[in-house]
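Some notes on the structure that comes next.
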Amino acid sequence: MPQALALVFALLSAFLVLEGGPLAALALAATATAAAGSALVVCSVISARCAPVVPRTRVRTALRDREQRTAFLPQCDPDARGRTRPRAPGRALPTAA
């Protein structure tokens, strides 16, 4: 079926180029593009309406489960024993020449 449609479209576009000029072929291409775009919109609306609705309680449960799985990262104490204090920025150290 798609091959037959492609053949009809090719013959029609060749006829329009020969008889109607390039503007007629451009009009045909614009019409075909608009038809394909509207078909895509219709398909997306139909598929969006067919999607199952998720109950709110299920969403809340999923959020709570994700929160419980999240690891708690303890904050590091910069003044803890054994940690060196960061140095203040100063002048550049001399490098080997």
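Just so it is clear, the values below take in all heavy atoms, side chains as well, and ignore hydrogens, waters and symmetry mates. Residue numbers count from 1 along this sequence.
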To the closest 0.5 Å, what do you measure between OG1 (T61) and CZ (R64)? 4.5 Å

Could you list the residues that satisfy side chain to side chain contact (heavy atoms under 4.5 Å, CB included) with R60, not counting sequence neighbours? R56, T57

Looking at Q68, I'd like to know if its CD atom is crowded, meaning that more than 12 non-hydrogen atoms belonging to other residues, nucleotides or ligands lie closer than 6.0 Å. yes

The side chain to side chain contact (heavy atoms under 4.5 Å, CB included) partners of I46 (sequence neighbours excluded) come to V42, C50

Counterpart residues, side chain to side chain contact (heavy atoms under 4.5 Å, CB included), relative to R81 (two or more places apart): none

